[in-house]
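Take a look at the structure below.
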Amino acid sequence: MGKSSKDKRDAYYRLAKEEGWRARSAYKLVQLDEEFNLFENVTRVVDLCAAPGSWSQVLSRVLIKGEKFGRAGWERKQEEMRRYVLGDENKENAREESEIAAQKQENKEPRKDVRIVAIDLQPMSPLEGVTTLRADITHPSTIPLLLRALDPSSTSASSSPTHSVDLVISDGAPDVTGLHDLDIYVQSQLLWAALNLALCVLKPGGKFVAKIFRGKDVDLLLAQLKIVFHRVRVAKPRSSRASSIEAFVVCEGFCPPEGFTASLDKPLGGSAGLGIEKKKEKTEPKRTVREDGAVEIELGSESDEEGQEDDIQDGGARWIAPFLACGDLSAFDSDATYHLPKDRVSLDPIQPPTAPPYKRALEMRKLAGGAYGKTKLHEHPDTT
Ligand SMILES: C[S@@+](CC[C@H](N)C(=O)[O-])C[C@H]1O[C@@H](n2cnc3c(N)ncnc32)[C@H](O)[C@@H]1O
């Protein structure tokens, strides 16, 4: 597949290059923000599994440069559409107001005291206002690094949590093998690590957004998230292909249960569950014989004082997270193929991977004269 055929097949891939994003994933975060207003009152953010950095670009442009994407941009578009529908007599007003809105966009409003920390296994090219760390989010040694990056003035090397972060986002994905169950398992481990990091740094009321693969046990995970967040929803942005099992959990209102202490040494859900002892009340089955001779049996149950939330923990009642599609309907459909304008030239990616695992293979192929049997003997290292 050549560069321009990928441009046709994937409108977001093409758009990302045109609009200066390092990856098409930027649109997923922008569309999630359109639906959930993620960045409202947010100044401290941790971006996990961040390379090549398009999510960090969105954060940097919204929080540091004060640009308006996602919800803010969507609201403006809706307003313009509403005015257009109102008819001719209002068109002049609509034009004026849209000019004022555009002017406002020019007067960008950067936020104060913004701190963005991005972590990835891969090196990441620098971005304005973003502290980048090269680390493994599944490793306990990452937490002190993260805490120091969040608060560089702190001299302590401790890994005790400081709850100062408004939003943790994670787009973590393993190198997909094609073995579905294995990929889902590895991805869930990444999500697990991301959640445990989030629990160590989020402030009460904070938000957590992370990529999930909708495997068969995803309900359990969602139910566990519901214990520590007030609101948990699953969202599928329009820029995420319908054919992919990828979706995003959007958790709002971080509310750790009383007595819960976050720690990477004893992560949430280990053998100790949430680490909180709960009193169990067990009811035995009851058998009564009615006057008419019929026997009524009430089945026994094992429930806690707290009701539904504990049912979730025990795997009793199932809890189903609301599922939302997000992204403006006028946005590109990521599964459609579009015609390219005649005069369009194919663009190079904004930020090619810095050190991809296949780098050596690419170098060897290049030395051998390229792919598809075009090997030129005189260019081979052994023959020159
Ligand atoms: C889909 S990409 C993220 C794209 C990114 N959100 C963006 O917008 O540019 C997934 C990333 O997860 C990272 N990753 C996978 N396992 C990781 C781990 N254990 N620790 C840190 N990063 C990891 C990969 O290196 C890869 O860069």
Side-chain angles (χ1 to χ4, degrees), residues 10 12-13 15-17 19-33 38-39 45-63 69-70 116-146 149 167-177 182-198 200-201 208-213 235-237 239-241 244-250 264 267 327 334 349-359:
D10 188 339
Y12 287 100
Y13 174 82
L15 208 57
K17 291 190 292 180
E19 294 187 344
W21 300 112
R22 291 182 177 186
R24 68 190 292 295
S25 336
Y27 297 104
K28 297 178 191 169
L29 187 59
V30 169
Q31 290 172 352
L32 286 168
D33 175 45
L38 295 177
F39 305 133
V45 190
V46 176
D47 180 6
L48 301 172
C49 301
S54 73
W55 281 25
S56 290
Q57 273 184 298
V58 175
L59 295 173
S60 164
R61 288 176 70 173
V62 172
L63 306 185
F69 296 109
I116 303 167
V117 180
I119 304 183
D120 201 287
L121 276 179
Q122 306 287 337
M124 205 173 118
S125 295
L127 270 173
E128 187 185 331
V130 179
T131 308
T132 50
L133 298 175
R134 190 174 179 185
D136 181 349
I137 66 158
T138 63
H139 201 278
S141 64
T142 302
I143 188 78
L145 288 178
L146 172 61
L167 170 67
V168 175
I169 54 181
S170 171
D171 192 21
D175 286 336
V176 175
T177 63
L182 180 65
D183 291 337
I184 290 172
Y185 174 77
V186 179
Q187 210 283 334
S188 69
Q189 293 305 301
L190 276 183
L191 175 62
W192 191 239
L195 174 62
N196 281 298
L197 273 177
C200 291
V201 295
F208 174 64
V209 176
K211 184 184 342 245
I212 56 166
F213 284 175
K236 179 84 174 169
S239 50
S240 170
R241 288 185 193 91
S244 137
I245 54 169
E246 167 190 271
F248 292 85
V249 275
V250 179
L264 281 196
S334 49
I350 300 295
Q351 178 67 59
T354 334
Y358 48 84
K359 191 175 173 189

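Atoms within a ligand are numbered from 1 in the order they appear, just like the ligands themselves. In this chain, numbering begins with 1 at the start of the sequence shown. As the structure is a prediction and not an experimental result, all values here were calculated from the model.
D171 OD2, 2.8 Å is the protein heavy atom nearest to atom 6 (N) of ligand 1. I137 N, 3.0 Å is the protein heavy atom nearest to atom 20 (N) of ligand 1. Looking only at heavy atoms of the protein, atom 24 (C) of ligand 1 is closest to D120 OD1, 3.5 Å. In terms of protein heavy-atom proximity, atom 23 (C) of ligand 1 is closest to C49 SG, 3.5 Å. Atom 8 (O) of ligand 1 has as its closest protein heavy atom S54 OG, 2.5 Å. The nearest protein atom to atom 17 (C) of ligand 1, hydrogens excluded, is given as L121 CD1, 3.5 Å; this is a heavy-atom distance. Regarding atom 19 (N) of ligand 1, its nearest protein heavy-atom neighbour is D136 OD1, 2.7 Å.
I143 is listed as a side-chain neighbour of L197, based on a closest heavy-atom distance under 4.5 Å. The shortest side-chain heavy-atom distance between L127 and R22 falls under the 4.5 Å cut-off.
Polar contact with ligand 1: present for W55 (N/O pair, distance under 3.5 Å). Remark: ligand 1 and T138 share no N or O pair separated by less than 3.5 Å (distance only, no angle test). Any N or O atom pair closer than 3.5 Å counts here, and G172 shares no such pair with ligand 1.
Atoms of ligand 1 lying under 4.0 Å from any heavy atom of A50, numbered from 1 in the order shown and given with element: 5 (C), 7 (C), 9 (O). Heavy-atom contacts of P52 reach the following atoms of ligand 1: 9 (O) (cutoff under 4.0 Å). Near G53, with a cut-off below 4.0 Å to any heavy atom, the atoms of ligand 1 are 7 (C), 9 (O). Counting atoms of ligand 1 from 1 in the listed order, those under 4.0 Å from a heavy atom of Q122 are 25 (O).
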Worksheet item: When you look at I169 and L29, which way does the side chain to side chain contact (heavy atoms under 4.5 Å, CB included) test go after all the steps?
Response: CA-CA 9 Å; I169 54 181; L29 187 59; 4.1 Å; yes
Worksheet item: Given V45 and F39, is the side chain to side chain contact (heavy atoms under 4.5 Å, CB included) satisfied, shown in steps?
Response: CA-CA 9 Å; V45 190; F39 305 133; 5.9 Å; no
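If you check each of A51, A23, P123 against atom 4 (C) of ligand 1, the one with the closest non-hydrogen atom is A51. Proximity annotation for atom 15 (C) of ligand 1: of S170, S25, P174, A173, A173 comes nearest, heavy atoms only.
Salt-bridge formation is detected for the pair D10/R241: a Lys NZ or Arg NE/NH1/NH2 atom is positioned less than 4.0 Å from an Asp or Glu carboxylate oxygen.
The salt bridge (Lys or Arg N to Asp or Glu O under 4.0 Å) pairs that include a residue from residues 50-63 are R61-E67, where partners are two or more places apart or lie in different chains.
Using modelled atom types and a 3.5 Å distance limit, the side chains of Y12 and E19 yield no donor-acceptor pair. Under 3.5 Å, the side chains of E128 and S60 contain no donor-acceptor pair of N or O atoms.
Panel note: side chain D183, backbone V176; no donor-acceptor pair is recorded below 3.5 Å. With hydrogens and angles disregarded, a donor-acceptor distance shorter than 3.5 Å links the side chain of T142 to the backbone of D136.
Residue L190 touches ligand 1 through its side chain alone, judged by heavy-atom distances below 4.0 Å. Only the backbone of A135 comes within 4.0 Å of ligand 1, counting heavy atoms alone; no side-chain atom from C-beta on gets that close.
When the side-chain contact (heavy atoms from CB on, under 4.5 Å) test is applied to V186, the partners found at least two apart in sequence or on another chain are P174, L182.
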